[in-house]
Number of protein chains: 2
Amino acid sequence: MATLAEVARHAGVSASTVSYVLSGKRSISAPTRERVEHSIKELGYHPNAGARALASSRSNIIALMVPLRTDMYVPVMMEIAIAVATTARSHGYDVLLLTGEEGPAAVRRVTGSGLADAMIVMDVELEDERLPLLHATRQPTVLIGLPADTVGLTCVDLDFTATGALCVEHLAALGHREVAIVGEAPAVYERHTGFAERTLEGLRRRAGELGVRLLHRPCQGSYESMDGTLSRIFDERPGTTGFVVQNEAAIDPLLSLLRRQGRAVPEDVSVVAVCPEQVATQASVRLTSVAIPAQEMGQRAVELVVAKLEGNASGEQVALLAPELTVRASSGPAPGTA
Amino acid sequence: MATLAEVARHAGVSASTVSYVLSGKRSISAPTRERVEHSIKELGYHPNAGARALASSRSNIIALMVPLRTDMYVPVMMEIAIAVATTARSHGYDVLLLTGEEGPAAVRRVTGSGLADAMIVMDVELEDERLPLLHATRQPTVLIGLPADTVGLTCVDLDFTATGALCVEHLAALGHREVAIVGEAPAVYERHTGFAERTLEGLRRRAGELGVRLLHRPCQGSYESMDGTLSRIFDERPGTTGFVVQNEAAIDPLLSLLRRQGRAVPEDVSVVAVCPEQVATQASVRLTSVAIPAQEMGQRAVELVVAKLEGNASGEQVALLAPELTVRASSGPAPGTA
DNA sequence: ATGAAAGCGCTAACAG
DNA sequence: CTGTTAGCGCTTTCAT
């Protein structure tokens, strides 16, 4: 590979000049710049990443920690990861992919070695074991998801509390008074990932205000478990006319089982989902839903982290994205409503 | 951050000694090693990645190019990516995440800058535009998926031809004589990704040998398109008793529509899927299937690339993983068979 | 078994 | 506007 020095010689300038045309950190006369750029082309020069990192103590790499565990809805993670990668590139950064496997050790390794300039951490738990380290490091960090205590942290997430509220509001407005929540698998709640609880909280608070009765049931998402869950729901609350589902895997089983039971959607029961748009539009009934803005989350995370890196430390600590509910074919007036 | 020199001073040895205890490239007396290791602990020393890369011209990073496009089944991509990341770590490498977005330019950038020592490319197309560059670079590269011409390349993939054959064999053995193939979306075929064609080829060849009639229909995977596809299939071939599905999105619609039409699985029609285990076991009927060994593909890719990096250039060029068919509840004897 | 020292290729003062 | 130069922290001969 050609080196900076070779380019300099070829262009008849000094090394620093080449360096500066590359970085734009000082003004270069047009002719010089052109000569240098021409030499760069001609020699097929690419700056050496290691040397650059060593000299500037910036690797231009952002580390992204993705969960190893795969019980979350995978396409969302992937979409976030891809959004992070492409947004990062557009800001001149590459992305290092870390799995949760190494846990806190990965944080130490990356910050200690200068491998990455900053870090984006996905799937944060309420009491995440990486939190102390993230607090300690002065390396810019952004979390996707909210831990219990966000003091001193920068986080991005969908406003799940508002999401929950929005779902009941929609159903209440349609006259529904008994609503069942089909939630994530019990394991998700046990792990305290936060978002499930927050949705529930939003749901409950607003339901209380609107006089809607709520029944919450976690659900594995398989046909068997959905079958059981559904029986228990109608057993306990025969008057249930509205469903809020926050569990991608449960959507198809739910719709399918409702159909088999002869309950029409949306004539007999309405269904509102919290899921990616794609899932909502591809289900057997086009679902009224609150979208999970995966792309935007990844993008915002990068922008926040880049702002920190370039010193434009944005004031905001927690960026909560406002939920948007899209009405589709799965929700309608409660039976017996005007 | 502590530097190597500081560790050396702290331990009362020379810098090179510290370097050698780290790399193990020459023998160190036990006491010296201990002193050095102790100092490393005490100072919380982590070697600087940039300096190391510059001095050794090895970054210990493997680049992974994932497709930007999201019309493939995402969980498989994610599973491969995670397998790549964890396997790479276990060999001492980190993984740089590149999206297909930059296209060939990314290859140039990475090889040119020494950012990564090697590259794993996913979702290769038959006539991939990155191929010429990959051929040109002497940087170890492994493809996941097969291009049209694999000469001089190292590739990992499921043996889709054998997969297709396996599927018909299973159905033929059960007495099925008319089989329909529900394939990937037309776009997948148009893009010439190879795997779909190869499955089809295996299917056709073996079907010919076994006297099974085949009907192939691409399918978008939505309920609407599946509905249309299904009608056309039974229209054209009313005697169809077997289905082979290679399209994760089409599975739920297919099962659901068959049920609605009153065709029982597996009593009236048998269904064999080519999909990840998880999808097969979570469908409304537990599916007889050939698994897509995502993890193994990621792992093998890393192992091949690491072998190249460490000079144990394995002889094999194309690693085709043998398909395995697992019989579950969706396939049974053809109606009217003894 | 250990040290000394020469770079690796680039950035960023410091000088004009 | 451009050149000179001193490192950045580590690896790796070459010595001993």
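Scope of the values below: all heavy atoms of this structure, side chains included, with no hydrogens, waters or symmetry mates.
Less than 4.0 Å separates DNA chain D from no heavy atom of any residue of residues 105-114 of chain B.
The base of D:dT4 sits within donor-acceptor range of the side chain of A:Ser16, with an N or O pair under 3.5 Å.
Contact between the side-chain N/O atoms of A:Arg52 and the OP1/OP2 oxygens of C:dT11 is found at a separation under 4.0 Å. Between B:Ser23 and D:dT11, a side-chain N or O to OP1/OP2 separation shorter than 4.0 Å is absent. Listed pair B:Tyr45 / D:dC10 meets the phosphate criterion, a side-chain N or O lying under 4.0 Å from OP1 or OP2. Contact annotation: A:Thr17 side-chain N/O to D:dG3 OP1/OP2 distance is under 4.0 Å. For the OP1/OP2 pair of C:dG3 and a distance below 4.0 Å, the side-chain nitrogens and oxygens of B:Ser14 include at least one atom meeting the criterion. Between B:Thr32 and C:dT2 there is a side-chain N or O to OP1 or OP2 distance below 4.0 Å.
Ionic pairing of A:Glu101 and B:Arg89 is not present here: no N-O contact between side-chain nitrogen and carboxylate oxygen is shorter than 4.0 angstrom.
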Please step through side chain to side chain donor-acceptor pair (under 3.5 Å) for the pair A:His10 and A:Glu6, ending with a clear verdict.
CA-CA 6 Å; A:His10 182 111; A:Glu6 290 169 355; over 6 Å; no
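Side-chain contact annotation: B:Ser16 with B:Ser19, donor-acceptor N/O pair under 3.5 Å absent.
The main-chain N or O of A:Ala83 is found under 3.5 Å from a side-chain atom of A:Thr87 such that the two form a donor-acceptor pair. Of the possible polar contacts, one joining the B:Arg35 side chain to the B:Ala11 backbone as a donor-acceptor pair under 3.5 Å is found.
Around atom CZ of A:Arg58, more than 12 heavy atoms belonging to other residues, nucleotides or ligands sit under 6.0 Å away.
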